[in-house]
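Structure record follows, encoded as structure tokens.
Treat the numbers as computed from the prediction; the structure is a model and nothing was measured.
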Amino acid sequence: MHIAEGFLPPAHAVAWGVASAPFVVHGARSLVRDVREHPESTLLLGASGAFTFVLSALKLPSVTGSCSHPTGTGLGAILFRPPVMAVLGTITLLFQALLLAHGGLTTLGANVFSLAVVGPWAGYGVYRLLRRYGVPLMGAVFCGAFVADLSTYCVTSVQLALAFPDPGSGFRGALGKFGSIFAVTQIPLAVSEGLLTVLVMRLLMQSSKGELTRLGVLVTSAAGGKRAGSAEAVAR
């Protein structure tokens, strides 16, 4: 979904940067507060950022001016909530633009809005909704990661359609074309990302159960007064 350097008209690039800025500023404040209050979370925060960096650095050509790849934002959104992912996603996109020529500085605002803002919020919203209605943790994690991935590409399709409307059918026609092309590669990638996120969450449950409990992904409960301290997955 990384839109390439210089691909968007200047007015669009500026508008998406302005739209993304409040989310990044709010996320930076949340991140600083979380690190100050819980410095033990730094390692898991770094792992969440690395997960996003590695997955979103994989590139499959999709349409002119963009590409398809996993996003990796669903995991961090579930663990630390979407505002924090706005910052981690922005850092990821900035480093990729500077070091990997993946995306760009002029299109940073547009890429941040799709990958680091809409994706995490959409995935986290689905995760919370499913957990509220009793869906098992891993099922909710899969759906959250799947939606975070796919919604990113829906927004990218909108961004490209707004910038390059079809000469005959306008925005609607361009949106259909961009969306259909992305869907060919992105739906299988979203499914794969959902499964990978479930695997990572299972590993975290074994290695970082205490931290997941503090974050609210797991909660300590007693069963019949005999099994106090057992971890049961619940929604935050």
Side-chain angles (χ1 to χ4, degrees), residues 1-2 16-57 69-100 102-105 107-129 131 137 140-141 144-145 147-149 151-152 155 193 196-197 200-201 203-205 207-219 233-236:
M1 50 59 60
H2 290 49
W16 288 115
V18 171
S20 300
F23 294 95
V24 178
V25 171
H26 172 61
R29 292 175 177 172
S30 299
L31 178 60
V32 170
R33 183 178 62 251
D34 288 350
V35 170
R36 285 178 178 173
E37 294 177 355
H38 304 285
E40 68 275 12
S41 296
T42 304
L43 185 60
L44 194 54
L45 272 168
S48 298
F51 187 72
T52 298
F53 184 92
V54 171
L55 290 192
S56 60
H69 54 75
T71 64
T73 59
L75 177 66
I78 291 170
L79 294 177
F80 295 102
R81 304 195 180 191
V84 171
M85 283 311 300
V87 180
L88 297 183
T90 299
I91 294 172
T92 291
L93 290 166
L94 181 60
F95 272 86
Q96 289 175 347
L98 293 174
L99 301 178
L100 304 179
H102 191 18
L105 296 179
T107 56
L108 182 63
N111 292 331
V112 165
F113 194 82
S114 59
L115 182 141
V117 176
V118 174
W121 274 108
Y124 182 70
V126 168
Y127 165 78
R128 284 292 303 270
L129 182 65
R131 294 299 291 136
L137 175 63
V141 167
V147 170
D149 182 304
S151 62
T152 296
V155 174
E193 180 172 343
L196 179 59
T197 305
V200 172
M201 185 65 77
L203 293 174
L204 289 176
M205 289 177 66
S207 62
S208 305
K209 184 177 292 186
E211 187 65 13
L212 293 185
T213 301
R214 187 193 65 77
L215 291 170
V217 179
L218 301 176
V219 67
V234 296
R236 281 189 281 187

- Mind running side chain to side chain contact (heavy atoms under 4.5 Å, CB included) on Met85 and Leu88 for me, showing each step along the way? CA-CA 5 Å; Met85 283 311 300; Leu88 297 183; 3.8 Å; yes
- Message: As a quick check of understanding, evaluate side chain to side chain contact (heavy atoms under 4.5 Å, CB included) for Leu105 and Leu94, giving each step before the final call.
- Response: CA-CA 7 Å; Leu105 296 179; Leu94 181 60; 3.7 Å; yes
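Rounded to the nearest 0.5 Å, atoms CZ (Arg131) and CG (Leu129) are 11.5 Å apart. Put simply, CG on Leu108 and CG on Leu93 are 6.0 Å apart, with the number rounded to the nearest 0.5 Å.
By the side-chain hydrogen bond (donor to acceptor under 3.5 Å, both in side chains) test, Ser48 pairs with no residue at all, sequence neighbours left out. Take Phe51 and apply the ring pair (Phe, Tyr, Trp, His ring centres under 6.0 Å) test, not counting sequence neighbours, and it matches no residue. With sequence neighbours excluded, the residues that form a side chain to side chain contact (heavy atoms under 4.5 Å, CB included) with Ser56 are His2, Thr52, His69, Thr92, Gln96, Leu115. In this structure, Leu43 has no side chain to side chain contact (heavy atoms under 4.5 Å, CB included) partners at least two apart in sequence or on a different chain. Not counting sequence neighbours, the partners of Val155 by the side chain to side chain contact (heavy atoms under 4.5 Å, CB included) test are Phe113, Ser114, Val118, Gln159. Taking the salt bridge (Lys or Arg N to Asp or Glu O under 4.0 Å) definition, one finds that Arg214 meets it with Glu40, Glu211, sequence neighbours left out.
Considering every non-hydrogen atom in both Gly89 and Ala116, the closest pair reads CA-CB, 3.8 Å. Residue Leu212 comes nearest to Met201 through the heavy atom pair CD1-SD, 4.3 Å, listed as atom of the first residue, atom of the second, then distance. Taking both residues in full, the closest heavy atoms of Ala57 and His102 are given as CA-CD2, 4.0 Å, listed atom of the first, atom of the second, then distance. Nearest heavy atoms, Pro120 versus Val117: CD-O, 3.5 Å. Ser20 and Gly109 make their closest contact through OG-O, 2.7 Å (heavy atoms, listed as atom of the first residue, atom of the second, distance).
Leu204 is listed as a side-chain neighbour of Leu79, based on a closest heavy-atom distance under 4.5 Å. In this structure, the side chains of Leu44 and Phe80 come closer than 4.5 Å at one or more pairs of heavy atoms. Here the side chains of Leu55 and Thr73 are not in contact, with every heavy-atom distance at 4.5 Å or above. The shortest side-chain heavy-atom distance between Leu137 and Tyr127 falls under the 4.5 Å cut-off.
With hydrogens and angles ignored, the 3.5 Å screen pairs no side-chain donor or acceptor of Thr107 with any backbone N or O of Gly103.
Side-chain polar atoms of Arg128 and Tyr124 form a donor-acceptor pair below 3.5 angstrom.
Other residues, nucleotides and ligands place more than 12 heavy atoms under 6.0 Å from the CZ atom of Phe53.
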